[in-house]
Amino acid sequence: MSAPRRVDVRAFPSDTTLLLLLLTAVVSLNAVFTAFWLAGFDAGGVTVLGVVWKLEIVLVPGLAGWSLGIWWRLRRSVPVGGTPFTDAARLLDRLVREARLDDPPDVRLGPGLGSRAFVASGRGRPLLLLGPELLGLCTVSDEGRTVFTAVVRHELAHLRAGDVGWAQLGRLLRTSNLPIGFFVLFAVVLDLVHGNRSTGSSALAALVVLGQVLVVELVARAFLRAREHEADLLAARYGVEGLLTAVGDAPGVRPWLRRHPGGAARAAVLADPGRLLVAAPTRLLLGAAAAGSALVTLRGILGPADSTPVVTGAVVGLLVTLFTAFGIWRSTWLGGARPFRSAAALAVGLVLGSYLALFPAVFTFGAGAVPLRPSPLVALVLGAVLLCLWLAAVGRARYRVDPRARRVPGFLAYAVPAAALVGGWLFAVLWAWVVRLTSCADDPCSPTAVARSVGEDFAFGVTPVLVLVVVAVTALGPRVVEPRAAVPAAAAVVVAAVGLFGLWHWAGAGVSTLEIRAVVRDSTADPALDFDCATTAPAGPTEHRTACDVGGGERFVLGPAALTGVDVETAEVGFGGTGSAFVVEVVLTGEGANRWAALTGSAVDQRVAILVDGAVVSAPVVREPLRGTTFEISSGTMDRTSATELATRIAGG
């Protein structure tokens with residue numbers, strides 16, 4: 001695929017926008033988590049007002065530091081018209097008029113700026129601050145005057161682009177990142193001083209905090225560099241020789257560490273603006289690392305609810321998918337995307353970022369992170385590869401009919417929603433898989449059982465979403481782009497659905513319908529308890545519900561489900577040893593055994609109900625706490641046929 005050099009880079013969302021959104025999401029999430037953690041120290045526990053108050057405490061130091069810096073610079077500045085730099089003042093008036101700005105800036109001399117210049121929001125009108133050495137270039141030589149002119153036009157281009165407010169937001173977020181890291185690091189030090197944490201654990205936690213701060217700093221610097229490149233392109237119509245002379249490459253400084261691009265980088269972009277479309281692997285790695293950190297942090301904020309992995313995976317997955325999609329699609333128009341390289345950066349970044357989250361740094365290092373085991377790692381890698389291949393295929397299909405990116409907004413109108421739905425669903429599945437494997441890390445449960453539960457949750461419930469994606473792409477595709485552009489999207493969705501459906505069947509055809517609940521009331525002790533068994537239906541695993549036994553003769557009011565089919569490893573037929581009765585021997589997972597022990601320990605001399613398909617098949621009285629991974633279901637007269645059928649239903653077959 002040849003590399004077009006006349007691509008309209010403005011057709012795509014700019015790096016400035018994408019990186020600022022990424023920076024805002026990461027810093028905001030870290031600030032909210034730190035506020036939750038600080039609010040937990042109050043005697044009354046975590047409250048909304050407490051979190052809001054602590055959020056102010058977390059953000060005020062950064063805001064104050066940034067505001068004082070701006071105030072100090074403005075306080076020392078004076079209008080250029082009142083200084084001896086009269087030649088520079090006249091040239092500045094002409095350059096401002098040429099820029100044709102709706103709101104001309106207040107041009108001032110900043111004594112401490114040296115040879116630098118910058119723009120900022122002022123009181124009622126923008127400010128352009130110039131250093132004395134820069135103003136002095138006007139009278140040094142013609143070359144100095146050219147450099148001065150180019151630098152001023154570059155700063156005025158920022159005003160013309162309207163990015164001053166966004167730049168100040170980025171700098172504010174960057175400044176706020178340090179107090180957040182300080183609060184978390186301070187918590188680690190306190191734990192160490194009070195003996196709640198070992199020296200090794202404290203050192204690892206400190207490295208996590210520093211790594212998180214570094215990730216945010218690198219994102220902020222990438223944002224500032226992208227902003228400078230875009231201003232260069234706006235100012236390029238007046239010539240760039242003076243600007244390239246003024247900006248040199250600092251020796252020994254890597255490009256990704258710069259806050260401003262060097263002269264060589266600026267010259268390359270000005271000679272070929274299409275370079276801005278290339279998604280560097282380091283940038284995608286940063287975005288993926290931020291996403292991995294967000295998965296763990298958001299999970300810590302939302303708590304241990306069963307829906308938390310699905311919610312966090314869907315929300316974070318949607319965002320990281322769009323970040324990846326724009327990188328791949330933009331690269332397609334320059335010279336071809338590299339989906340496998342993008343997938344590698346995505347997978348590595350997600351795993352690395354999960355270990356850089358502030359949540360495990362405060363509590364236990366590595367808690368909630370992606371376990372370094374084959375099952376979750378292979379799933380993440382395969383998911384990243386499939387996602388990037390699909391995104392690249394959709395981008396290539398569009399590129400064939402629009403090689404100069406003249407109708408990209410129409411393409412994004414249907415491609416962005418499709419990518420968001422597919423990516424959100426994919427990461428919801430992947431993160432649910434990772435979390436369920438992580439939750440039984442101390443007593444490893446069978447990957448087959450976990451796959452069974454994930455397949456049950458997503459194989460059918462996600463079908464409407466997948467159908468919506470296919471309909472959206474195939475319906476809008478012919479109107480916006482050739483029908484063949486919809487084929488990769490539809491094929492990827494179908495393959496993903498078939499693959500998950502196959503996983504569901506391979507893992508045992510779904511999770512069993514077993515539930516074990518404490519009995520709140522029963523008709524044996526309370527004859528007045530009466531309701532129609534035919535209309536009684538399950539009310540959900542976490543709610544109280546009513547149920548009847550299989551014959552409809554006894555009625556129950558039951559508490560929340562303490563165990564479900566997810567906790568079942570196997571179910572087999574056994575002989576009860578009493579007469580000719582058969583029993584069903586249920587083997588629990590490690591987590592299920594813990595829940596069984598907790599339930600029976602709290603229900604001594606009370607009944608617990610064992611339900612299958614919503615009907616109570618047994619309701620024994622607990623005489624003592626039961627520990628172990630097995631228990632038996634018996635009804636006294638169960639024959640081999642009925643026992644086999646019941647065991648099959650419990651096992652999910």
Side-chain angles (χ1 to χ4, degrees), residues 7-28 66 99 101 103 105 117-121 126 128 151 153-177 215-237 240 243 247 255-262 265-270 272-291 319-331 333-334 405 408-409 412 416:
V7 175
D8 184 5
V9 298
R10 294 171 297 180
F12 296 88
S14 68
D15 276 346
T16 303
T17 302
L18 295 175
L19 290 168
L20 181 60
L21 290 174
L22 178 62
L23 181 64
T24 303
V26 175
V27 175
S28 300
W66 175 81
L101 300 171
D103 193 6
F118 81 98
V119 289
S121 298
L128 171 58
V151 171
R153 281 173 171 160
H154 171 86
E155 299 301 329
L156 293 176
H158 284 303
L159 297 177
R160 190 170 185 82
D163 65 358
V164 176
W166 299 121
Q168 294 186 169
L169 174 60
R171 293 191 181 99
L172 173 60
L173 291 170
R174 177 171 171 249
T175 306
S176 300
N177 181 48
V215 167
V216 175
E217 177 66 16
L218 292 177
V219 173
R221 293 187 177 214
F223 160 72
L224 294 174
R225 288 195 302 274
R227 175 175 175 263
E228 296 301 314
H229 280 308
E230 293 181 8
D232 282 347
L233 293 178
L234 284 176
R237 59 179 179 174
V240 296
L243 180 61
V247 181
W256 55 276
L257 286 175
R258 291 180 177 276
R259 281 185 291 175
H260 294 81
R266 289 185 168 186
V269 170
L270 289 170
D272 181 10
R275 287 177 176 269
L276 292 181
L277 297 179
V278 177
T282 53
R283 192 168 300 169
L284 182 55
L285 184 67
L286 279 177
L319 298 176
V320 75
T321 297
L322 293 182
F323 191 82
T324 305
F326 285 126
I328 290 177
W329 292 336
R330 294 168 62 201
S331 296
W333 266 263
L334 180 67
V408 164
L412 297 180
V416 167

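As the structure is a prediction and not an experimental result, all values here were calculated from the model.
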Student: Are the side chains of P126 and V164 in contact, using a 4.5 Å heavy-atom criterion?
Tutor: no
Student: Give the C-alpha distance, both sets of side-chain angles, the deciding distance and a yes or no for side chain to side chain contact (heavy atoms under 4.5 Å, CB included) between L173 and L169.
Tutor: CA-CA 6 Å; L173 291 170; L169 174 60; 4.1 Å; yes
Student: Can you name the nearest heavy-atom pair linking H158 to V119, along with the distance?
Tutor: CB-CG2, 3.9 Å
Student: Among residues at least two apart in sequence or on other chains, which ones pass side chain to side chain donor-acceptor pair (under 3.5 Å) with T16?
Tutor: E230
Student: I need the minimum non-hydrogen distance between A99 and R160, along with the two atoms involved.
Tutor: O-NH1, 2.6 Å
Student: To check you understand the geometry: which heavy-atom pair defines the closest contact between F223 and W166, and what is its length?
Tutor: CZ-O, 3.6 Å
Student: Atom CG of N177 and atom CD of E217: how far apart are they, to the nearest 0.5 Å?
Tutor: 7.5 Å
Student: Stepwise, does the side chain to side chain contact (heavy atoms under 4.5 Å, CB included) test hold for R283 with L19?
Tutor: CA-CA 9 Å; R283 192 168 300 169; L19 290 168; 4.1 Å; yes
Student: With A291, which residues qualify under side chain to side chain contact (heavy atoms under 4.5 Å, CB included), at least two apart?
Tutor: V316, V320, L350
Student: Restricting to side chain to side chain donor-acceptor pair (under 3.5 Å), what partner residues turn up for T17, sequence neighbours left out?
Tutor: S14
Student: Applying side chain to side chain contact (heavy atoms under 4.5 Å, CB included) to Q168 and L172, what does each step give before you reach the verdict?
Tutor: CA-CA 6 Å; Q168 294 186 169; L172 173 60; over 6 Å; no
Student: Does a side-chain heavy-atom distance below 4.5 Å link L286 with F323?
Tutor: no
Student: What distance do L284 atom CG and I328 atom CD1 have between them, rounded to the nearest 0.5 Å?
Tutor: 7.5 Å
Student: Go through the steps for H154 and D232 under the test side chain to side chain contact (heavy atoms under 4.5 Å, CB included), then give the verdict.
Tutor: CA-CA 6 Å; H154 171 86; D232 282 347; 2.8 Å; yes
Student: What's the spacing between D163 CG and E228 CD if we round to 0.5 Å?
Tutor: 8.5 Å
Student: Which heavy-atom pair separates A161 from L234 by the least distance, and what is that distance?
Tutor: CB-CD1, 3.6 Å
Student: Taking all non-hydrogen atoms of both residues, which atom of A231 and which atom of A157 are closest, and how far apart?
Tutor: O-CB, 3.5 Å
Student: Restricting to non-hydrogen atoms, name the atom on R174 and the atom on A220 that form the minimum distance, rounded to 0.1 Å.
Tutor: CD-CB, 3.6 Å
